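Quick caveat: nothing in here was measured; it's all calculated off a predicted structure.
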Amino acid sequence: QVQLVESGGGLVQTGGSLRLSCAASGRTFSGYAMGWFRQAPGKERDIVARISWNGDSTDYVDSVKGRFTISRDNAKNTAYLQMNSLKPDDTAVYYCAARRGSIWSLRGSTADYWGQGTQVTVSA
């Protein structure tokens with residue numbers, strides 16, 4: 001059974017940092033693009049960042065560029081999202097997702113696997 005398990009969420013003040021982890025089990029994800037999505041209350045789930053299977057390509061939504069960094073360690077079957085300079089607008093449930101194929105094929109409607117989500121709350 002394939003599982004993606006997120007961890008690292010929590011409550012942080014504006015300007016603080018958090019590092020999210022997404023541990024994959026049940027198969028190797030070295031051939032999969034992986035990404036982070038987030039969903040705030042009353043809003044749709046949107047992509048935040050994604051990374052190619054070998055880590056050579058990354059892509060970010062404009063609102064997090066320069067503040068968030070996505071990375072992965074295929075030996076550990078784990079993806080990460082380092083979040084710095086956090087703002088209240090970053091408050092959301094953050095989800096990890098994976099799709100076999102190119103980075104550009106990973107979107108909310110095309111992910112093969114999803115994690116259960118981890119809450120990130122940024123206080124003003």
Side-chain angles (χ1 to χ4, degrees):
Q1 183 178 359
V2 175
Q3 277 192 315
L4 298 178
V5 180
E6 301 98 334
S7 61
L11 173 64
V12 65
Q13 292 184 334
T14 295
S17 298
L18 286 173
R19 188 193 196 203
L20 305 183
S21 298
C22 172
S25 63
R27 68 166 303 130
T28 178
F29 280 83
S30 61
Y32 283 69
M34 298 188 74
W36 290 93
F37 294 72
R38 65 186 179 187
Q39 186 169 22
K43 296 187 178 180
E44 294 185 351
R45 186 160 54 185
D46 293 323
I47 194 165
V48 176
R50 50 190 174 178
I51 187 168
S52 61
W53 72 271
N54 61 359
D56 282 357
S57 296
T58 58
D59 181 56
Y60 299 90
V61 66
D62 285 347
S63 60
V64 308
K65 285 180 180 177
R67 300 189 298 123
F68 290 11
T69 302
I70 188 171
S71 62
R72 66 190 295 165
D73 184 339
N74 285 342
K76 296 182 179 180
N77 244 12
T78 302
Y80 305 95
L81 186 67
Q82 178 66 44
M83 304 186 296
N84 299 328
S85 302
L86 283 161
K87 306 174 182 179
D89 284 350
D90 295 318
T91 295
V93 177
Y94 283 71
Y95 298 89
C96 174
R99 174 178 169 83
R100 184 170 181 83
S102 75
I103 182 176
W104 312 112
S105 70
L106 176 58
R107 299 184 298 275
S109 61
T110 64
D112 294 323
Y113 304 105
W114 287 96
Q116 83 290 348
T118 185
Q119 177 71 47
V120 171
T121 303
V122 185
S123 62

- Task: Output the distance between atom CD (Q82) and atom CZ (R67), rounded to the nearest 0.5 Å.
- Result: 12.0 Å
- Task: List the atom of S102, the atom of S105, and the distance in Å for their closest heavy-atom pair.
- Result: O-OG, 2.7 Å
- Message: Do Q13 and L86 make a side-chain contact, defined as non-hydrogen atoms from C-beta onward lying under 4.5 Å apart?
- Response: no
- Check: W104 main-chain N/O paired with D59 side-chain donor or acceptor under 3.5 Å: no
- For the hydrophobic clusters of this structure (ILVMFWY residues joined by side-chain heavy atoms under 4.5 Å, transitively), does one cluster hold both V61 and F68? yes
- Query: Are the side chain of T91 and the backbone of V122 linked by a donor-acceptor contact shorter than 3.5 Å?
  - Reply: yes
- Task: Give a yes or no on whether the backbone of G15 and the side-chain of S85 come within a donor-acceptor separation of less than 3.5 Å.
- Result: no
- Query: Under a 4.5 Å cut-off applied to non-hydrogen side-chain atoms, are V64 and M83 in contact?
  - Reply: no
- Message: Return the CZ to CZ distance between R50 and R107, rounded to the nearest 0.5 Å.
- Response: 7.5 Å
- Query: Under 3.5 Å, side chain of R45 to main-chain N/O of Y95, donor-acceptor pair present?
  - Reply: no
- Task: Indicate the atoms forming the closest heavy-atom contact of A98 with L4, along with that distance.
- Result: N-CD1, 4.0 Å
- Message: Same cluster or not: V48 versus L18, using hydrophobic residues (I, L, V, M, F, W, Y) connected whenever any side-chain heavy atoms lie under 4.5 Å apart?
- Response: yes
- Message: Give me the atom names and distance for the closest heavy-atom approach of A79 to W36.
- Response: O-CZ2, 4.0 Å
- Query: Minimum heavy-atom separation for K76 to T78, with atom names?
  - Reply: O-OG1, 2.9 Å
- Item | Gap between atom SG of C22 and atom CG of L81 - 0.5 Å precision | 10.5 Å
- Value for CD1 (I70) from OG (S57), rounded to nearest 0.5 Å, stands at 11.5 Å
- Heavy-atom side-chain proximity of Y94 to E6 below 4.5 angstrom: no
- Check the hydrophobic clustering (I, L, V, M, F, W, Y; side-chain heavy atoms under 4.5 Å; chains of links allowed) and say if W114 and I51 are grouped together. no
- For the pair R38 (side chain) and A92 (backbone), establish whether a donor and an acceptor sit closer than 3.5 Å, ignoring hydrogens and angles. no
- Item | Joint cluster assignment, L20 & V12, ILVMFWY side-chain distance < 4.5 Å | yes
- Presence of salt bridge, K65 and D62, under 4.0 angstrom: yes
- Item | Nearest-0.5 Å distance that lies between atom CZ in R72 and atom CG in N54 | 8.0 Å
- Message: Hydrophobic clusters here meaning ILVMFWY residues chained together by side-chain heavy-atom distances under 4.5 Å, can you tell me if W53 and M34 are in one?
- Response: no
- Message: On a heavy-atom basis, which atom in D112 and which in Y32 lie closest, and how many Å separate them?
- Response: OD2-CE2, 3.8 Å
- Any P88 side-chain heavy atom under 4.5 Å of T14 side chain: yes
- Note on the structure: OH of Y60 to OG1 of T69, rounded to nearest 0.5 Å, is 4.5 Å
